[in-house]
Amino acid sequence: MTSSQPSYYITTAISYPNGTPHIGHAYEYIASDAMARFKRLDGYDTYFLTGTDEHGQKMQQSAEKEGIAPRELATRNSAEFKRVDDEVLGISYDRFIRTTDDDHYAASTAIWRRMVEAGDIYLDKYAGWYSVRDERFFTADETEVRADGERYATETGTPVTWTEEESYFFRLSKYQQPLLDFFAANPDFGGPRSRFNEVIRFVESGLDDLSISRTTFDWGVPVPKDLTAPETDLDHVMYVWVDALTNYITGVGFPDTESESFRRFWPADVHVIGKDISRFHCIFWPAFLMSAGLPLPHRVMIHGFLHNAGEKMSKSVGNVVAPADWVAEYGLDPVRFFLLREFPFGQDGSYTHEAVVGRKNSDLANNLGNLAQRSLSMIVKNCEGMIPQPGERTAADRRILAQAEELLQISRTAYEMQDFHRALERTWFALGEANAYFAEQEPWKLKKTDLSRMNTVLFVTAEVVRKVALLVQPVMPESASKLLDALNIPENGDAGATNDSGSGPRSFAAFATELVPGTPIEKPAPIFPRHEERGD
RNA sequence: GGGGCGUUAGCUCAGUUGGUUAGAGCAGAGGACUCAUAAUCCUUUUGUCCUGGGUUCAAGUCCCAGACGCCCUACCA
């Protein structure tokens with residue numbers, strides 16, 4: 001962690017712990033985790049933030065139903081999200097932030113103060129048709145008067161009443177043009193492009209000022225009294241998104257903008273979020289930051305949603321999958337691999353049991369697992385249990401090594417845009433070529449005719465396995481580590497879980513080296529077993 | 001209503017700035033091999049590239065119109 005080391009700051013969205021985590025949450029955590037591990041292994045001083053967003057009316061109401069305090073409910077449910085990260089998914093976050101943390105209150109207050117000082121916050125009335133049942137306002141256009149003379153929300157069919165509420169507003173309209181200029185100057189700010197286009201179109205269509213406080217409930221960050229005293233006697237709490245978005249700078253030390261952490265990690269390299277909250281991250285958040293005079297994040301990566309066999313996951317349909325269930329059925333690494341290999345990250349994906357098993361068996365067990373098994377077994381049996389000394393290399397040897405060699409750069413480029421799908425596709429293409437190479441060279445025949453040549457072929461194959469194992473550590477930390485163990489590569493890091501992974505024989509820096517002939521290896525055991533159907 | 005994206009082999013999808021016989025993986029069929037986790041390798045079947053026009057020497061790739069699907073947004077007062 002020297003100052004010369006490049007830094008990388010990545011965040012997930014913070015989860016609203018009004019329920020339990022499902023496979024959609026896991027998708028975002030796993031992808032972000034792979035991204036963070038990749039950067040750590042590639043020598044970046046990396047900071048990875050995740051956590052829970054605990055304020056708001058919904059949490060308060062849920063707590064009331066249970067007869068407990070909001071903070072108690074938040075603490076309990078937040079712990080469950082954290083437990084899934086820690087015990088089920090192996091997420092290598094550096095901090096699990098809670099918006100109820102003390103330093104977060106300080107940060108939220110500070111950014112609010114900055115926005116006030118910028119002249120961007122004013123007091124007004126928020127008025128509209130409020131549906132108690134939906135807990136939200138509707139514009140007049142969104143309501144209709146029915147035959148009974150009462151007014152209803154058209155969309156949800158619930159009765160609405162005219163409600164006026166004092167509220168602080170943020171001058172979002174002022175930032176329409178600055179945002180559009182920023183978008184034009186930073187075409188990769190939002191990804192994928194199609195989602196980013198939606199955001200841009202929305203801004204172009206005009207921005208209204210944003211209501212950013214509430215007085216009807218108190219479960220939130222209080223608006224500082226010294227800022228409200230001249231204007232109101234009411235107690236305002238911040239609109240949940242104001243404080244929620246602020247977590248990204250709380251996590252690196254804000255409001256101390258001179259702190260080592262803030263200077264090192266802000267602005268963030270990427271915020272990873274779902275498509276339902278792109279507007280908050282691509283419009284509100286940059287506008288808040290502009291107002292507060294803080295640098296803007298480099299990128300917001302918007303991922304798609306997972307569908308169960310093409311159907312939207314929903315509690316009422318009963319097709320919601322708990323991460324722990326999947327991990328129990330398929331294993332953690334196969335689940336991680338499946339989610340990142342099967343779907344382009346920016347698109348929705350549809351999963352089926354058959355698809356997961358297909359990836360697990362053909363890609364993991366057959367292509368990668370078996371290549372390692374067949375090559376290492378031959379080394380143990382025919383090379384006195386040591387990595388053999390290779391002889392002169394043929395064109396075929398050089399070709400397959402070069403193909404593995406270029407995977408690092410291909411992966412770097414792909415990961416830069418969170419294109420995990422492509423990185424893995426290219427890696428598995430190379431594995432297919434390696435299996436073909438092995439079959440063509442027929443080392444099992446060479447052992448009777450040309451031992452030196454056999455040694456070369458086995459060395460080259462094992463070397464390809466080593467490079468792939470290094471490269472898939474971010475996606476499958478445990479299995480990749482076992483592969484490296486099997487090759488007797490000295491341990492140093494922890495498959496990208498901490499910044500210790502940035503150097504040494506298991507880091508990406510070791511990509512440029514080769515296996516050391518004479519290194520003893522043990523009789524290998526299958527690392528990627530085929531899927532066994534359970535029950536039945 | 002406005003806009004975005006998509007529609008390519010049975011399935012999931014690649015197809016760069018228009019250029020030779022349209023590709024991959026999986027699934028199917030046949031064969032080979034035995035080092036290996038009944039794995040691996042080779043060969044192989046199927047495509048009106050949604051439809052109809054247009055531009056061009058040349059279009060899956062550009063333009064126009066339409067169909068279908070998903071999404072964003074507005075409206076239906």
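Computed from a predicted model, the values in this text were never measured in an experiment. Below, all heavy atoms of this structure are taken into account, side chains as well, without hydrogens, waters or symmetry copies. Chain identifiers are assigned alphabetically (A, B, ...) following the order of the sequence lines, protein sequences preceding nucleic acid strands; residue numbering begins at 1 within each chain.
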Which ones in residues 375-407 of chain A lie close to RNA chain B, meaning a heavy atom under 4.0 Å from one of its atoms?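 The answer is Ser377(A), Met378(A), Lys381(A).
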In residues 22-30 of chain A, what residues come within less than 4.0 Å of RNA chain B, judged by heavy atoms?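 Hits under 4.0 Å, by residue number: none.
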Could you measure between the two [atom1] atoms, the one in [N] and the one in [M], and give it in whole Å?
{"N": "G4(B)", "M": "C76(B)", "atom1": "C1'", "value": "23 Å"}
{"N": "U61(B)", "M": "U40(B)", "atom1": "C1'", "value": "37 Å"}
{"N": "G69(B)", "M": "A27(B)", "atom1": "C1'", "value": "25 Å"}
{"N": "A67(B)", "M": "C75(B)", "atom1": "P", "value": "25 Å"}

Send over the distance from [X] [atom1] to [N] [atom2], rounded to a whole Å.
{"X": "Phe438(A)", "N": "A39(B)", "atom1": "CZ", "atom2": "C1'", "result": "12 Å"}
{"X": "His531(A)", "N": "U37(B)", "atom1": "NE2", "atom2": "C1'", "result": "15 Å"}
{"X": "Leu446(A)", "N": "U34(B)", "atom1": "CG", "atom2": "P", "result": "13 Å"}
{"X": "Asn366(A)", "N": "C41(B)", "atom1": "CG", "atom2": "C1'", "result": "13 Å"}
{"X": "Glu204(A)", "N": "A74(B)", "atom1": "CD", "atom2": "P", "result": "15 Å"}
{"X": "Glu440(A)", "N": "C41(B)", "atom1": "CD", "atom2": "P", "result": "11 Å"}
{"X": "Ile302(A)", "N": "C72(B)", "atom1": "CD1", "atom2": "P", "result": "12 Å"}
{"X": "Phe343(A)", "N": "C26(B)", "atom1": "CZ", "atom2": "P", "result": "18 Å"}

Qualifying residue for salt bridge (charged side-chain N to carboxylate O under 4.0 Å, His left out) with Glu514(A), from Arg466(A), Lys467(A), Arg393(A):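 Of the listed options, the one satisfying the test is Arg393(A).
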Residues in side-chain contact (heavy atoms from CB on, under 4.5 Å) contact with [X], at least two apart in sequence or another chain:
{"X": "His22(A)", "result": "His25(A), Met313(A), Val320(A)"}
{"X": "Glu522(A)", "result": "none"}
{"X": "Asp494(A)", "result": "Ala497(A), Thr498(A), Ser501(A)"}

Could you check, using the six-membered ring where one of them is a Trp, whether [X] and [Y] have ring centers closer than 6.0 angstrom?
{"X": "His55(A)", "Y": "Tyr16(A)", "result": "no"}
{"X": "Phe170(A)", "Y": "Phe284(A)", "result": "no"}
{"X": "Tyr168(A)", "Y": "Tyr122(A)", "result": "no"}
{"X": "Tyr351(A)", "Y": "His307(A)", "result": "no"}

So, do Lys275(A) and Phe305(A) sit near enough that their side-chain heavy atoms are less than 4.5 Å apart?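 Yes. Closest side-chain heavy atoms under 4.5 Å.
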Partners passing ring pair (Phe, Tyr, Trp, His ring centres under 6.0 Å) against Tyr330(A) (at least two apart in sequence or in another chain):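 Tyr330(A): ring pair (Phe, Tyr, Trp, His ring centres under 6.0 Å) contacts with Trp326(A), His353(A), His531(A).
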What string of B, S and - do you get for nucleotides 2-14 of chain B, 5' to 3', when a contact is any protein heavy atom under 4.0 Å? -S----------S
Under a 4.0 Å N-O cut-off, is there an ion pair linking Glu165(A) with Lys125(A)?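 Salt bridge between Glu165(A) and Lys125(A), a charged N being under 4.0 Å from a carboxylate O: no.
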Less than 4.0 Å between a side-chain N and a carboxylate O, is that true for Glu478(A) and Arg336(A)?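 Looking at Glu478(A) together with Arg336(A), the answer is no, because their closest N to O distance does not fall below 4.0 Å.
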Looking at the base of A39(B), is there any donor atom on it, or on the side chain of Asn370(A), that sits under 3.5 Å from an acceptor on the other one?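 Between A39(B) and Asn370(A), which were checked side chain against base, a qualifying N/O pair under 3.5 Å is absent.
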Euclidean distance, Tyr248(A) OH relative to Thr11(A) OG1, rounded to 0.5 Å: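 Thr11(A) OG1 to Tyr248(A) OH: 4.5 Å, rounded to 0.5 Å.
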Is it the case that the side chains of Thr461(A) and Ser375(A) hold a donor-acceptor pair, with the cut-off being a distance below 3.5 Å and no angle test?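 Distance-only check fails for Ser375(A) and Thr461(A).
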Do the side-chain N and O atoms of Arg530(A) and Asn366(A) include a donor-acceptor pair separated by under 3.5 angstrom?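 Result is yes, a qualifying pair exists.
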Under 4.0 Å, heavy atoms only, any strand: does [X] hit a base, just the sugar-phosphate, or nothing?
{"X": "Ala436(A)", "value": "sugar-phosphate"}
{"X": "Leu458(A)", "value": "nothing"}
{"X": "Gly369(A)", "value": "base"}
{"X": "Asp363(A)", "value": "nothing"}

Between the protein and nucleotides 28-33 of chain B, which nitrogen or oxygen pairs are less than 3.5 angstrom apart?
none

Can you list every pair that meets ring-ring contact (aromatic ring centres under 6.0 Å, His included) and has a residue in residues 408-428 of chain A, with sequence neighbours left out?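 Every ring-ring contact (aromatic ring centres under 6.0 Å, His included) pair that includes a residue of residues 408-428 of chain A, provided the two are not neighbours, is Phe38(A)-Tyr415(A), Phe337(A)-Trp428(A), Phe345(A)-Phe420(A), Tyr415(A)-Phe420(A).
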Do any pairs count as a ring-ring contact (aromatic ring centres under 6.0 Å, His included) and have a residue in residues 358-377 of chain A, sequence neighbours left out, and if so which ones?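 Residue pairs with at least one partner in residues 358-377 of chain A: there are none.
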Defining pairs by Watson-Crick or G-U wobble geometry with both distances under 3.5 Å, how would you list the stems of RNA chain B with at least three pairs each?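 Consecutive-pair runs (3 or more) involving RNA chain B: B:1-7 with B:67-73, B:10-13 with B:23-26, B:28-32 with B:40-44, B:50-54 with B:62-66.
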What's the closest nucleotide to the side chain of Pro526(A) if the choices are C35(B), C26(B), U37(B)?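 Of all the options, the side chain of Pro526(A) is nearest to U37(B).
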Quick check for you: among C41(B), C71(B), U37(B), whose closest atom lies nearest to any side-chain atom of Arg195(A)?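 Selected nucleotide (nearest to the side chain): C71(B).
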Go through the structure and list residues passing salt bridge (Lys or Arg N to Asp or Glu O under 4.0 Å) with Lys523(A), not counting sequence neighbours.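 For Lys523(A), no residue satisfies salt bridge (Lys or Arg N to Asp or Glu O under 4.0 Å) once neighbours in sequence are set aside.
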Phe528(A) or Asn435(A), whichever maps to the more 5' nucleotide of RNA chain B: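 It is Phe528(A), whose closest nucleotide lies nearer the 5' terminus.
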